[in-house]
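To keep things clear, I will list the structure first and then write my remarks on it.
Note that this is a predicted model, so its numbers are computed, not measured.
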Amino acid sequence: MNDEYYARYQRHFTLTEVGEEGQVRLAQSKVLVVGAGGLGCPVLQYLVGAGVGHVAVIDGDQISLSNLHRQTLYTTEETGRFKSTVARDKLVKLNPTVQISAVAEFLTMELALKLFPDFDLIIDGTDNFEARYLINDAAVFTGKPFVSGSVFRHEGQVSVFNYQGGPTYRCLFPQRDLPGFGCAETGVLGPVTGAIGSIMAMEAIKVLLALPDVLSGKLLILNALNWSSSNLSFSRKEEQVALAKARVSNKESLSHVK
């Protein structure tokens, strides 16, 4: 262990939940983050800072002025550039010991089935139902757990799906024909995305380190205006798991989402 390595992760080494063994485990982990927006920015920063060995980000969107009140990786001068590549360039400077890759494309089922098998964990930082169902179906089909978060105005939700035989996104939200409202339609307070993204990063680290009390089968609901929170429990529904697999096998899942 060299001095730079020790200095970078010293705060982890002193934690019984991490320690030197846990830090090695993080360094051997590979995480794919779908979406480099309000949720993806804090997730990416914390996972890279924590020393996760390979962090990849996929996002075909470009930076706009309306992003900047909550997407804290970007600056005014970077508007018009791809979020994924700008994020990669910034994150390399945060932790050059981490392998960081960027895909400047919107997720498709074909791309998901190609990428997901190479990673230990998927992070869903998207902002619409269509993308979440696509990620769910691809994750179920490839046997990958995923952390998912969402924000609505001043509220947010976080859960971990398809983890160690636990429930999937479709088990919680079986209805597929839901409106794909994002923050452009509903609005969002910027710090809410930071709070929810940070919780998502914490859940990801818990999964990677096999820590207890992962939010599997639980939906954490947080109201940032009054800081009230609640947990909604839900169970695995095998018919919904089978539906996800069937939609991929029959090529019925959405082929492209933004």
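Salt bridge status for Glu78 with Lys90: present, with a side-chain N to carboxylate O gap under 4.0 Å. Salt bridge status for Arg236 with Glu238: present, with a side-chain N to carboxylate O gap under 4.0 Å. Under a 4.0 Å N-O distance rule, the pair Lys83/Asp61 qualifies as a salt bridge.
With hydrogens and angles disregarded, a donor-acceptor distance shorter than 3.5 Å links the side chain of Arg70 to the backbone of Ser66. For Arg25 (side chain) and Leu208 (main-chain N/O), a donor-acceptor pair under 3.5 Å exists by modelled atom type. Asn95 places a side-chain N or O within 3.5 Å of a backbone atom of Val48 that can act as its donor or acceptor partner. Counting only distance, with no hydrogens or angles, the side chain of Glu203 and the backbone of Leu215 share a donor-acceptor pair below 3.5 Å. Not a single donor-acceptor pair under 3.5 Å links the side chain of Asn231 to the backbone N or O of Lys218. Side-chain atoms of Asn250 come within 3.5 Å of backbone N or O of Ala246 as a donor-acceptor pair.
The minimum heavy-atom distance between Ala138 and Ala112, with the atom names listed, is CB-CB, 3.7 Å. Residues Ala50 and Leu26 come closest through the heavy atom pair O-CD1, 3.7 Å. The two residues Ala104 and Ser84 make their nearest non-hydrogen contact at CA-OG, 3.3 Å. Listed here is the closest heavy atom pair of Leu44 and Ala87: CD1-CB, 4.4 Å. Considering every non-hydrogen atom in both Ile58 and Glu105, the closest pair reads CG1-O, 3.2 Å. When all heavy atoms of Cys41 and Ala36 are compared, the pair lying nearest together is SG-O, 3.7 Å.
Using a 4.5 Å cut-off between side-chain heavy atoms of Ile, Leu, Val, Met, Phe, Trp and Tyr, Val140 falls into a hydrophobic cluster with Val241.
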Quiz prompt | Ser101 and Arg88: CA distance, side-chain angles, deciding distance, side chain to side chain contact (heavy atoms under 4.5 Å, CB included) verdict | solution = CA-CA 7 Å; Ser101 53; Arg88 177 197 59 203; 5.9 Å; no
*asked:* Does Ser29 form a side chain to side chain contact (heavy atoms under 4.5 Å, CB included) with Phe119? I'd like the steps, not just the answer.
replied: CA-CA 8 Å; Ser29 299; Phe119 293 89; over 6 Å; no
Discussion item. One pair to check against side chain to side chain contact (heavy atoms under 4.5 Å, CB included): Arg132 and Arg170. What are the steps and the verdict?
Written reply: CA-CA 9 Å; Arg132 292 172 195 145; Arg170 285 187 182 273; over 6 Å; no
Exercise. Start with the C-alpha distance between Gln45 and Leu73, add both sets of side-chain angles, then the distance that settles side chain to side chain contact (heavy atoms under 4.5 Å, CB included), and finish with yes or no.
Key: CA-CA 8 Å; Gln45 289 171 288; Leu73 270 174; 3.8 Å; yes
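The CG atom of Leu219 lies 4.5 Å from the CD1 atom of Ile221; values are rounded to the nearest 0.5 Å. Leu134 contributes atom CG, which lies 12.5 Å from atom OH of Tyr169 (distance to the nearest 0.5 angstrom). Rounded to the nearest 0.5 angstrom, Lys30 NZ and Asp120 CG are separated by 6.0 Å.
Taking the six-membered ring for Trp and the full ring otherwise, Phe161 and Phe173 have centroids separated by 6.0 Å or more.
Taking hydrophobic clusters as Ile, Leu, Val, Met, Phe, Trp and Tyr residues chained together by side-chain heavy-atom distances below 4.5 Å, Val31 shares a cluster with Leu211. Side-chain heavy atoms closer than 4.5 Å link hydrophobic residues (I, L, V, M, F, W, Y) into clusters, and following such links, possibly through other members, connects Ile199 to Leu209.
In terms of the side-chain hydrogen bond (donor to acceptor under 3.5 Å, both in side chains) criterion, residue partners of Ser228 (sequence neighbours excluded) are, by chain and number, Asn226.
Side chains of Leu68 and Ile63 form a contact here, defined as non-hydrogen atoms less than 4.5 Å apart. Counting heavy atoms from C-beta on, the side chains of Val98 and Leu47 never come closer than 4.5 Å. A 4.5 Å side-chain heavy-atom check between Val248 and Met109 finds at least one atom pair inside the cut-off.
Counting only residues at least two apart or in different chains, ring-ring contact (aromatic ring centres under 6.0 Å, His included) contacts with residues 60-89 are absent.
For the 3.5 Å distance criterion, the side chains of Asp124 and Ser148 qualify, holding a donor opposite an acceptor.
For the pair Arg8 and Tyr5, the cation-pi test (distance below 6.0 Å, angle within 45°) is failed.
With Thr126 as reference, Ile135 is the one residue of Leu107, Leu39, Ile135 to meet the side-chain contact (heavy atoms from CB on, under 4.5 Å) rule.
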